[in-house]
K.L.:
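Got a structure for you, questions after.
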Protein chains: 2
Amino acid sequence: MSDLRERRKLRTANTIRVAAVNLVHAQGLDNVTTDMISEAAGISPRTFFNYFRYKEAALLPPTPVFRQEAIDKFLQSRAKILDDLIELIVPLTQFFSENPKMFRKLFEISQTHPKLVMLKINAFHEFEEMVRRVIAKRLKLRDDAEKPILIAALVTTGIRIAMERWANDGSGTPDTEIKRTFEDIRTIFAQ
Amino acid sequence: MSDLRERRKLRTANTIRVAAVNLVHAQGLDNVTTDMISEAAGISPRTFFNYFRYKEAALLPPTPVFRQEAIDKFLQSRAKILDDLIELIVPLTQFFSENPKMFRKLFEISQTHPKLVMLKINAFHEFEEMVRRVIAKRLKLRDDAEKPILIAALVTTGIRIAMERWANDGSGTPDTEIKRTFEDIRTIFAQ
DNA sequence: TGCATGTTTTGCAGTATGTGCAACAAATAA
DNA sequence: TTATTTGTTGCACATACTGCAAAACATGCA
């Protein structure tokens with residue numbers, strides 16, 4: 001598998017994404033067909049489904065993945081797990097802070113249609129599973145043990161709210177919002 | 001609008017639900033068509049869509065609603081808001097603890113297909129919005145203020161995990177799992 | 001009872017999503 | 001150049017879902 005081919009595929013996927021986001025932003029999800037997106041992206045209708053399993057998938061940012069070194073560091077650390085998790089996750093928000101325009105457009109779109117709200121929520125849920133697995137590994141527990149499940153759910157919820165805060169008010173960076181949110185969470189449960 | 005008509009509609013909706021759950025449980029979501037469900041429920045294919053907007057909607061329990069008296073009590077209480085929220089929400093789980101078989105079947109199904117996982121998550125998200133509104137009212141804040149958003153998200157996450165715990169291990173009742181889960185959450189954030 | 005009214009169900013015709021398959025085109029390796 | 005691998009496309013098809021108007025049904029009232 002050559003490097004060129006891979007980059008070409010990434011570029012094509014991105015072209016489709018841009019076409020999809022723009023069309024949907026302008027006309028609404030229900031008024032945009034996969035044919036229109038393909039047309040705008042310069043590919044055949046069939047090819048659209050080679051890249052995305054369903055129409056709406058072109059409207060989501062690619063699933064983030066932890067860098068291996070970051071995982072290793074997290075697994076070996078003995079500091080508080082919540083702090084380490086935040087440190088592990090914050091770099092993933094870089095994609096958004098580097099493309100704030102695209103992100104806000106995506107965020108805006110995702111509020112216009114129940115289907116898209118659902119997909120956004122689902123993306124966080126998949127993220128939650130990834131976080132759960134890495135927590136289980138650090139705690140040397142099974143994937144489906146109670147502790148990893150609960151911590152992953154709470155942390156993901158915090159991240160979700162923090163990103164919403166950031167997308168809404170605009171000032172600051174994702175990571176300051178994340179820190180502020182988790183302080184708020186502590187306050188809520190401290191009594 | 002007579003009472004008879006209303007009850008008939010509820011009964012029909014339920015017939016469709018039962019047919020759908022059983023068929024999907026036996027054959028998997030992708031091998032069951034809306035035509036098959038309609039056939040099994042004794043209605044025409046077109047009528048299916050009079051009752052449910054999309055195929056999968058027949059596979060979800062009806063959205064729970066707070067009873068008005070419970071809301072009033074919650075709004076007027078001056079106790080700790082987290083405790084009051086739990087007290088407000090626990091009665092909603094009665095439907096499940098009263099129909100454990102149906103619930104477990106639903107729960108089982110919802111793990112077999114990404115689409116169904118997504119719908120389950122989405123159901124909790126809609127629940128979260130309901131909780132957020134009632135929190136905002138009690139705190140005399142806007143719906144989109146930070147505090148209601150955050151508290152609603154955290155509480156809903158706790159409930160979701162608690163219900164998963166209950167569905168998985170089987171013993172006990174939903175409300176004991178809810179209390180145990182929130183104690184665990186406190187522990188996680190107390191340091 | 002029998003008619004008039006409102007409601008629900010149904011059939012039909014049509015659009016869109018999404019899949020399998022086999023032919024084709026293009027890039028890469030030899 | 002030729003052989004091989006990889007990606008793209010067209011076609012045929014199943015299924016989801018909608019709008020509309022006719023038919024069937026239930027209900028309220030003379």
Side-chain angles (χ1 to χ4, degrees), chain A residues 1-21 23-24 26-60 62 109-110 112-119 122, chain B residues 1-21 23-24 26-60 62 109-110 112-119 122:
Chain A
M1 59 193 87
S2 90
D3 196 38
L4 271 175
R5 266 187 172 147
E6 223 163 305
R7 275 194 288 163
R8 211 176 101 81
K9 283 199 85 169
L10 281 180
R11 217 173 48 227
T12 305
N14 213 55
T15 307
I16 301 175
R17 257 189 255 277
V18 170
V21 170
L23 280 170
V24 172
Q27 320 199 25
L29 181 65
D30 291 333
N31 302 313
V32 174
T33 65
T34 54
D35 282 14
M36 289 161 70
I37 298 172
S38 312
E39 168 71 28
I43 52 161
S44 84
R46 184 63 185 81
T47 300
F48 177 90
F49 291 102
N50 289 343
Y51 281 86
F52 300 99
R53 289 200 33 179
Y54 41 94
K55 184 170 95 173
E56 295 83 359
L59 298 170
L60 291 173
I109 286 178
S110 83
T112 61
H113 201 289
K115 249 189 195 171
L116 297 178
V117 173
M118 192 153 89
L119 282 165
N122 189 53
Chain B
M1 60 194 86
S2 88
D3 196 38
L4 271 175
R5 266 186 174 149
E6 224 163 302
R7 276 195 287 163
R8 212 176 100 81
K9 283 199 87 168
L10 280 180
R11 216 173 50 228
T12 305
N14 213 53
T15 307
I16 300 175
R17 256 189 254 277
V18 170
V21 169
L23 279 170
V24 171
Q27 319 199 25
L29 181 65
D30 291 334
N31 302 314
V32 174
T33 66
T34 55
D35 282 14
M36 290 161 71
I37 299 172
S38 312
E39 167 71 30
I43 53 161
S44 84
R46 184 64 184 80
T47 300
F48 178 90
F49 290 102
N50 289 342
Y51 282 86
F52 300 99
R53 288 199 34 175
Y54 42 94
K55 182 170 97 171
E56 294 83 0
L59 298 170
L60 291 173
I109 286 178
S110 82
T112 60
H113 200 291
K115 249 189 196 170
L116 297 177
V117 173
M118 192 155 87
L119 281 165
N122 188 54

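We name chains A, B, ... by the order of the sequence lines, and we start the count at 1 in each one.
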K.L.:
When rounded to the nearest 0.5 angstrom, what distance separates CG in L23(B) from OG1 in T34(B)?
P.N.:
11.5 Å
K.L.:
So if I take every side-chain heavy atom of K9(B) and compare against dT8(C), dA16(D), dT8(D), which nucleotide ends up nearest?
P.N.:
dT8(C)
K.L.:
Just call it for N50(A): base, sugar-phosphate, or nothing, with non-hydrogen atoms closer than 4.0 Å on any strand.
P.N.:
base
K.L.:
Nearest of dT9(D), dT8(D), dA16(C) to any side-chain atom of T33(A)?
P.N.:
dA16(C)
K.L.:
What is the nucleic acid contact for T47(B), judged by heavy atoms within less than 4.0 Å: base, sugar-phosphate only, or nothing?
P.N.:
base
K.L.:
Pick the nucleotide of DNA chain C nearest each of R8(B) and Y54(A); which residue has the one closer to the 5' end?
P.N.:
R8(B)
K.L.:
Please confirm whether any donor atom in the side chain of R46(B) sits under 3.5 Å from an acceptor in the base of dG19(D), or the reverse.
P.N.:
yes
K.L.:
If you look at every strand shown and take non-hydrogen atoms under 4.0 Å, does F52(A) touch a base, only sugar-phosphate, or nothing?
P.N.:
nothing
K.L.:
Among the nucleotides dT8(D), dT28(C), dT8(C), which one has an atom lying closest to any side-chain atom of R5(A)?
P.N.:
dT28(C)
K.L.:
Between CG of L10(A) and OG1 of T15(A), what distance do you get to the nearest 0.5 Å?
P.N.:
10.5 Å
K.L.:
Reckon F48(B) touches a base, only the sugar-phosphate, or nothing at all at heavy-atom distances under 4.0 Å?
P.N.:
nothing
K.L.:
For D35(A) and for P45(B), locate the closest nucleotide of DNA chain C by heavy-atom distance; then report the residue assigned to the nucleotide nearer the 5' terminus.
P.N.:
P45(B)
K.L.:
Once you round to the nearest 0.5 Å, how far does OG1 of T33(B) lie from CD of Q27(B)?
P.N.:
9.5 Å
K.L.:
Side chain of K55(B), backbone of L29(B): donor and acceptor closer than 3.5 Å?
P.N.:
yes
